[in-house]
Amino acid sequence: MNPVRKKRLLIILAILAGVGIAVALALSALQQNINLFYTPTQIASGEAPQDTRIRAGGLVEVGSVKRSSDTLDTDFVVTDGAASVTIRYRGILPDLFREGQGIVAMGKVNADGVLIADQVLAKHDENYMPPEVMQALEQSAMKQKHDAATQGGAQ
Amino acid sequence: MSNLMNWTWFHKLGSPKWFYEISGRWLPWLSAAAALLLAVGLVWSLAFAPPDYQQGNSFRIIYIHVPAAFLAQSVYVMLAVAGVVGLVWKMKLADVAVQQAAPIGAWMTVIALVTGAIWGKPTWGTYWVWDARLTSMLILLFLYFGVIALGQAISNRDSAAKACAVLAIVGVINIPIIKYSVEWWNTLHQPATFSVIEKPAMPLEMWLPLLIMVLGFYCFFGAVLLLRMRLEVLKREARSSWAKAEVKTHVEKSL
């Protein structure tokens, strides 16, 4: 490569490195603002701002969903394994909402520590599976559990 | 000497006449491959691939969404590489490539954003959310608009090419941000499903049609890019004897 071209290439690389570092610094400074939601641990430790609308995200705890019999009110607990937040929502939940599913709820935390949500979004993971495969997986898991239970009973 | 030999193909690429000839030979093959792959991929993915256990049939939009998003990012990387070649080696063909590929990339980004929104409503419960993946993808669209606008707004061909190349190169920083946004930050968007190098997060009967669609999209992009570049090269070389002869044979053929 001749020296003129080499110089031009180096200038381009230098510009790219400079802009890259600037963007990296800006993004790391904005880290928390770019996160779409706060985890229950962050809310419990007071990292989330008070008295303002926030998003909380995590997994819906199994067995925590309580639906009101005469209104659309639903209460459920969202957890990240370490901490949990109770969420109250009035409205139609997305199709993918179920126990164990990842969700993001937006709303304000009230005095009792309950997040009154006005929007609930369902997250889904990157794994896709045909229904038959999932059934087979569930059956084998149930079978294992069943086997373990019967073995435990026999001992 | 061997070093010189290795670079001849690269310098040959700079010759518009040579490009026009060789691209004319590739074009039918690329177009045929694109048509075949897209036809097979669409029928397989929309009719025969199994539905998802959670999302049912609505997950099938992945077969358009993922290839379009792939292309949107690959085309931008290609813009940046062509921009470097144009700036460093002053290769005119690279300038042509930057300006002709940008609209295709912009359309791919639009397709990815629109299919994502349509997919988001039934699964997430919203068309749009300002999470890092969606926002960085929107920025990619604006970068494409910037490259297109700069190319159109500056009438001097060399200045326009330089401006487009610089924007394409600087904007490439957005590509790793798009790719890793789902890992660096809490997002609503899930991590990547489709990967060529890692074990895919879906069974083979779902992954194969997706692979075919991705390849089909790449071939489609290649064919459309060559078509656009050939037209632009012919326009720019309108005064040269080979271009005149080429146009003449085409006009005579159509008469």
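Chain A is the first sequence line, chain B the second, and so forth, proteins listed ahead of strands; every chain is numbered from 1.
Chosen from H189(B), K121(B), E205(B), K90(B), the residue pairing most often with chain A at heavy-atom distances under 4.5 Å is K90(B). The residue among S181(B), A49(B), P203(B), G56(B) with the most heavy atom pairs within less than 4.5 Å of chain A is P203(B). With respect to chain B, the highest number of heavy-atom pairs below 4.5 Å among N2(A), L16(A), D95(A) belongs to L16(A). Your options are F37(A), Y128(A), F97(A), and the one with the most heavy-atom pairs under 4.5 Å with chain B is Y128(A). Chain B forms more heavy-atom pairs under 4.5 Å with one residue of Q119(A), R55(A), M129(A) than with any other, namely M129(A). Across V120(A), L93(A), I34(A), V19(A), the residue that shares the most heavy-atom pairs under 4.5 angstrom with chain B is I34(A). Ranked by heavy-atom pairs under 4.5 Å with chain B, the list I103(A), T39(A), L13(A), L27(A) is led by L27(A).
With a threshold of 4.5 angstrom between heavy atoms, P94(A) approaches chain B through side-chain atoms but not through N, CA, C or O. In this structure, no portion of V4(A) lies under 4.5 Å from any heavy atom of chain B. Of the two parts of V129(B), only the side chain, counted from C-beta on, holds a non-hydrogen atom closer than 4.5 Å to a non-hydrogen atom of chain A. In this structure, chain A has a heavy atom under 4.5 Å from the backbone of A192(B), while its side chain stays farther away. When heavy atoms are compared at a cutoff of 4.5 Å, D125(A) approaches chain B solely by way of its backbone atoms N, CA, C and O. In this structure, chain B has a heavy atom under 4.5 Å from the side chain of Q101(A), while its backbone stays farther away. For P122(B), the part sitting under 4.5 Å from any heavy atom of chain A is the backbone (N, CA, C, O) and nothing else. For a residue to count as touching a neighbouring chain, one of its non-hydrogen atoms must lie under 4.5 Å from one of that chain's; by this rule V172(B) touches chain A with the side chain only. The parts of L9(A) that come within reach of chain B are both its backbone and its side chain, each placing non-hydrogen atoms under 4.5 angstrom from that chain. Looking at V23(A), only its side chain comes within 4.5 Å of chain B, counting heavy atoms on both sides.
Within a 6.0 Å radius of OH in Y180(B), no more than 12 heavy atoms belonging to other residues, nucleotides or ligands are found.
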Exercise. Going through the distances and angles, do V66(B) and T193(B) end up as a side chain to side chain contact (heavy atoms under 4.5 Å, CB included)?
Worked result: CA-CA 9 Å; V66(B) 166; T193(B) 296; 5.8 Å; no
